[in-house]
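Here is the naming used below: chain letters follow the sequence lines, and residue numbers restart at 1 for every chain.
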Number of protein chains: 2
Amino acid sequence: MKEDAGKSKKGLNVENMKLRDIESDYVLEEQIGYVLRIASQKHASIFQKHSIDGLTPTQFSALMRIAEIGECSQNRLGRLTSMDVATIKGVVDRLKKKGLLGLESDPNDKRRTIIKLTEASKNMIKNLHEAGRRISEETLEPLSPAEQATLLGLLKKIS
Amino acid sequence: MKEDAGKSKKGLNVENMKLRDIESDYVLEEQIGYVLRIASQKHASIFQKHSIDGLTPTQFSALMRIAEIGECSQNRLGRLTSMDVATIKGVVDRLKKKGLLGLESDPNDKRRTIIKLTEASKNMIKNLHEAGRRISEETLEPLSPAEQATLLGLLKKIS
DNA sequence: ATTTTGTTATTAGTATACTAACATAATGCA
DNA sequence: TGCATTATGTTAGTATACTAATAACAAAAT
């Protein structure tokens with residue numbers, strides 16, 4: 001980034017400001033939503049740099065979850081990865097197209113589609129775990145181990 | 001959310017796990033990318049609940065920045081709000097359509113479009129600042145003031 | 001047993017967010 | 001001056017991420 005959006009108002013001289021200015025002072029960089037977006041962008045760029053098989057972070061999450069629980073319906077997978085029904089559909093469709101998810105209809109419930117890993121994706125899981133760990137590590141690299149734990153804890157607290 | 005994706009592996013009995021299981025242990029909930037996504041979703045839902053004139057968080061950021069700096073080119077606004085050229089174009093187009101941004105071409109540089117607030121958006125800024133503050137407050141409500149500052153600081157550090 | 005309620009999945013529409021390619025205009029330097 | 005580089009803005013394509021509407025089916029309630 002050439003022109004850093006992270007400019008600060010640290011040096012602002014409150015004494016010399018008119019009351020109206022002080023009242024309307026609002027620093028974008030200090031708002032949690034803005035900061036969350038920037039941090040997410042940074043993580044996404046690190047993730048993309050590692051580029052595991054062209055997977056996106058959400059596709060990665062879906063695969064990890066299925067690997068963890070074995071198999072489940074599409075909507076349930078969405079809930080377990082915090083994606084709504086429309087989002088998880090797209091994610092599952094693309095993963096199926098890549099041959100990383102197998103779909104079959106549930107004989108016990110005609111509404112449901114059972115989703116499971118394929119042989120191809122089963123063989124990838126270990127590598128994906130390692131890649132995932134490296135990505136998290138690189139994202140959190142500016143922080144001490146204690147700070148990393150603090151950050152995760154605080155983010156969970158506001159979720 | 002009914003089936004909370006935030007289930008923990010805290011109670012996992014390491015003693016009883018086979019070595020292979022331990023090696024491949026990877027907890028999605030502990031990965032910074034996943035946690036960032038969930039936190040961003042929570043913030044987005046709080047933002048949307050406050051619903052200031054149908055503005056989205058990104059549109060809001062763009063307006064705040066223009067209000068702060070007066071006027072600038074489209075690409076520069078993108079850089080100052082951390083949006084790439086394609087994203088800022090869409091955001092500016094929609095804000096213009098809503099009558100919240102005025103566009104005129106720069107006489108000194110025929111490539112540039114000068115972007116500024118309209119009378120309508122100038123009159124909204126104060127309300128937007130207040131709404132923004134309430135949204136940040138509600139998002140960070142689970143945290144103490146010290147924790148809020150810590151969270152912002154750590155997020156900036158990894159950005 | 002029928003109705004109501006809830007669940008699953010699909011579809012259409014909108015809004016970020018990115019890449020890549022392109023045209024145009026401005027700037028730097030040889 | 002002239003050419004290469006850089007900057008600005010547009011467009012096309014893909015991938016989340018949401019709302020809202022719909023259809024099919026299952027489970028619960030009366």
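- Straight-line distance from the CD1 atom of B:I88 to the P atom of D:dT10: 11 Å, rounded to whole Å.
- Residue side chain B:R111 reaches the base of D:dA7 through a donor-acceptor N/O pair under 3.5 Å, judged by distance alone.
- The separation between A:D93 atom CG and C:dT8 atom P is 17 Å, rounded to whole Å.
- When the side-chain nitrogen and oxygen atoms of A:N75 are compared with OP1 and OP2 of C:dT7, none of them lie within a distance under 4.0 Å.
- Counting non-hydrogen atoms under 4.0 angstrom, B:S73 reaches the backbone sugars and phosphates but no base.
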Treat primed atoms plus P, OP1 and OP2 as sugar-phosphate and everything else as base, then score nucleotides 12-23 of chain C 5' to 3': B for base contact with protein heavy atoms under 4.0 Å, S for sugar-phosphate contact only, - for none. ---SBBBB----

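- With contacts defined as side-chain heavy-atom distances shorter than 4.5 Å, the pair A:T58/A:T81 does not qualify.
- In this structure, A:R79 places its CZ atom 8 Å from P of C:dT7, rounding to the nearest Å.
- B:T113 and B:Q74 are not linked by any side-chain donor-acceptor pair at a separation below 3.5 angstrom, with hydrogens and angles left out of the test.
- The CG atom of B:D106 sits 9 Å away from the P atom of C:dA26 (whole-angstrom rounding).
- The listed nucleotides are C:dT11, C:dA25, D:dT10; the one nearest the side chain of A:K89 is C:dT11.
- Residue-level contact check: A:K110 touches the backbone only, with heavy atoms under 4.0 Å from sugar-phosphate atoms and none from bases.
- For B:R112, whose side chain is taken as the heavy atoms from C-beta onward, the closest listed nucleotide among C:dA25, C:dT11, D:dG9 is D:dG9.
- Nearest to the side chain of A:T113, among D:dG9, D:dA24, C:dA9, sits C:dA9.
- Counting only heavy atoms from C-beta outward, the side chains of A:H50 and A:I46 approach each other to under 4.5 Å.
- The aromatic rings of B:H129 and A:Y26 sit parallel to each other, their planes meeting at less than 30°, with 60° as the upper class boundary.
- One finds a salt bridge joining B:E68 and B:R65 here, because a Lys/Arg side-chain nitrogen approaches an Asp/Glu carboxylate oxygen to under 4.0 Å.
- In this entry the distance linking CD of A:Q74 with P of C:dT11 reads 11 Å, nearest Å.
- Proximity of A:L36 to A:L155: side-chain heavy atoms (C-beta onward) are separated by under 4.5 Å at one or more points.
- Between B:R133 and B:E130 there is no salt bridge, since no side-chain nitrogen of the basic residue lies less than 4.0 Å from a carboxylate oxygen of the acidic one.
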